[in-house]
Enquirer: 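I have a structure I would like to understand better, so I am pasting it below and will then ask my questions one at a time.
Worth saying up front: this structure is predicted, and the values here are computed from it rather than measured.
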Amino acid sequence: MKELQTPNGECAIVQNKDGVYQKVYLDNDNFLADRFHRKIKSEMEWFEKIIRHSPTVGSFYENLLRTTLKEFAPVNNCIGTGFVFDSTRKKHGKQIDVLVYDDSDRSVIYRCDEFVVIHPSSVISTIEVKKTLNSTILKEVVKNSFYNNLGQEPLNFNKVQSLKIFSYKLQCQKQTICKALVSALEDCIESLRVSCDGVNGLLPITYCSLPSLYFLDEPFYITTNLVKNEDGSFSIAINIHDTEGSGSIGALLESAIQENKQKVLEHEKSFLQNVLRRAPETIKIKGNICLVDNVSYRDFINAFPEHKKALSILEFNGFKPISLMLPKGTDLSMYANPNSFFASVKATYEMYKYDANSPETIFVAAATFNQAFKTGSIVAPI
């Protein structure tokens with residue numbers, strides 16, 4: 001369609017998933033992504049002409065990406081390298097090559113120039129940098145990072161981060177790297193399968209980091225995302241996006257840095273990627289994962305203040321609840337009362353019985369707990 005308000009006089013009408021129409025202005029000028037691409041490529045080509053020292057080479061590529069990102073990121077996006085430290089479990093994963101974080105609301109745990117140790121809640125994005133990438137290197141990166149708590153990506157579930165893997169050179173074909181990613185993720189899912197007394201199940205996890213791949217000079221990039229199933233479990237989908245020019249760089253920048261969306265006017269263009277893009281090819285990974293949110297029983301009670309007294313004395317066979325494992329993304333405010341919650345949510349309840357001689361903790365599955373609730377075996381029904 002023609003539109004006089006735009007320089008090229010072109011716009012498109014698109015229909016969203018909810019059926020609503022929206023006007024989108026067309027403009028192929030992605031000069032921010034193009035500038036980033038040209039600068040990082042020229043620096044790389046200059047460096048490779050004169051330096052051959054292997055230990056120096058690795059740090060150069062990491063520094064190049066960090067330095068260039070600083071020119072494009074908003075001031076509240078700090079750029080560094082270091083560790084994400086999970087203070088709850090007192091654990092950290094391997095050192096992250098590029099950490100994009102916001103320290104405006106919370107202090108870092110440690111800082112020395114670019115090197116930092118930060119809380120997961122401070123993370124905006126994480127990037128692993130590789131001069132060259134092949135299937136072997138990719139599998140190693142995915143398996144070493146999948147179970148790490150790297151914070152939360154703004155558009156993802158709580159405690160689910162996207163680990164961006166950026167490579168300057170891809171050493172294999174597109175099909176090969178896609179197969180390697182599928183294989184690595186299927187191995188991670190398979191490792192969560194457990195069996196006890198002949199019963200098979202899934203080991204619940206409270207966080208994970210999903211890999212996304214971006215390249216300097218390849219006409220595609222790859223993202224991964226969670227898909228919530230009807231039974232409360234999650235599957236993983238791989239999306240392969242075909243692009244042109246600096247499209248992969250534009251996608252990397254869009255996902256790596258965080259802008260204040262409230263200050264972006266409705267029709268302003270980011271100059272990173274075209275608004276209209278082809279639908280990606282999707283590959284669903286075999287198997288499911290059990291992602292949960294661990295909620296203290298105190299927080300659960302606070303979600304239903306009108307039933308606080310009854311919930312405080314609730315017990316099951318002498319055991320009292322201390323925490324709940326809820327399917328990731330469960331919103332307690334959606335339930336009018338505890339009755340509706342107990343009847344519908346597939347939670348696991350951690351229960352504790354005090355005994356001076358032998359204190360005991362057990363886990364009660366939703367089916368058992370809900371059945372006991374229905375039959376009145378639970379003290380103080382709501």
Enquirer: Does the gap between the ring centers of Phe300 and Tyr297 come in under 6.0 Å?
Expert: yes
Enquirer: Closer than 3.5 angstrom, by distance alone: can the side chain of Lys228 be matched with the main-chain N or O of Pro327 as a donor-acceptor pair?
Expert: no
Enquirer: Salt bridge or not for Lys353 and Glu315, using N-O below 4.0 Å?
Expert: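 Judged by the 4.0 Å cut-off on N to carboxylate O distance, Lys353 and Glu315 do not form a salt bridge.
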Enquirer: Between Glu218 and Lys169, does any NZ, NE, NH1 or NH2 come within less than 4.0 Å of an OD or OE carboxylate oxygen?
Expert: no
Enquirer: What pair of heavy atoms forms the shortest contact from Phe85 to Val117, and how long is it?
Expert: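 Shortest heavy-atom contact: CB-CG1, 3.8 Å.
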Enquirer: Measure centre to centre between the rings of Tyr61 and Tyr168, then say whether the value is under 6.0 Å.
Expert: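 Centroid separation for Tyr61 and Tyr168: below 6.0 Å.
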Enquirer: Please lay out, stage by stage, how Asp97 and Ile127 fare under the test side chain to side chain contact (heavy atoms under 4.5 Å, CB included).
Expert: CA-CA 6 Å; Asp97 297 333; Ile127 308 175; over 6 Å; no
Enquirer: Let me confirm one number: the OG1-CG distance from Thr176 to Leu181, rounded to the nearest 0.5 Å.
Expert: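 The CG atom of Leu181 is 12.5 Å from OG1 of Thr176, to the nearest 0.5 Å.
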Enquirer: Is it the case that Lys320 places NZ or CZ above or below the six-membered ring of Tyr352, under 6.0 angstrom from the centre and within 45 degrees of the axis?
Expert: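 Pair Lys320/Tyr352 does not count as cation-pi.
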Enquirer: Is it the case that the ring center of Phe157 lies less than 6.0 angstrom away from the ring center of Phe234?
Expert: yes
Enquirer: Does Asp231 come within less than 4.0 Å of Lys346, counting only side-chain N to carboxylate O?
Expert: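 Looking at Asp231 and Lys346, the cut-off is not met.
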Enquirer: Once rounded to the nearest 0.5 Å, what's the spacing between atom CD1 of Ile177 and atom CD1 of Ile222?
Expert: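 Going from CD1 on Ile177 over to CD1 on Ile222, the span is 7.0 Å.
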Enquirer: Checking side chain to side chain contact (heavy atoms under 4.5 Å, CB included) against Leu185, which of Val142, Ile283, Ile289 comes through?
Expert: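 Of all the options given, the one that passes is Val142.
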Enquirer: At what distance, to the nearest 0.5 angstrom, does CD of Glu360 lie from OH of Tyr354?
Expert: 14.5 Å
Enquirer: Run the salt-bridge test on Glu128 and Lys130 with the 4.0 Å N-O cut-off and return the result as yes or no.
Expert: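 Looking at Glu128 and Lys130, the cut-off is met.
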Enquirer: Under 30°, 30 to 60°, or over 60°: which ring-plane class applies to Phe215 and Phe220, parallel, tilted or perpendicular?
Expert: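 Answer is tilted, since the angle falls between 30° and 60°.
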Enquirer: Examine Tyr214 together with Phe166 and report whether their ring centres are nearer than 6.0 Å.
Expert: no
Enquirer: So, are Glu114 and Arg66 salt-bridged, with charged N and O less than 4.0 Å apart?
Expert: yes
Enquirer: Could you tell me the separation between the CZ atom of Phe115 and the OG1 atom of Thr81, rounded to the nearest 0.5 Å?
Expert: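 Phe115 CZ to Thr81 OG1: 7.0 Å, rounded to 0.5 Å.
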Enquirer: Identify whether the distance between the nearest side-chain nitrogen and carboxylate oxygen of Asp86 and Lys159 falls below 4.0 Å.
Expert: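 Result for this pair is no, no salt bridge flagged.
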Enquirer: Looking at NZ of Lys39 and CG of Leu64, how far apart are the two atoms once the value is rounded to the nearest 0.5 Å?
Expert: 8.5 Å
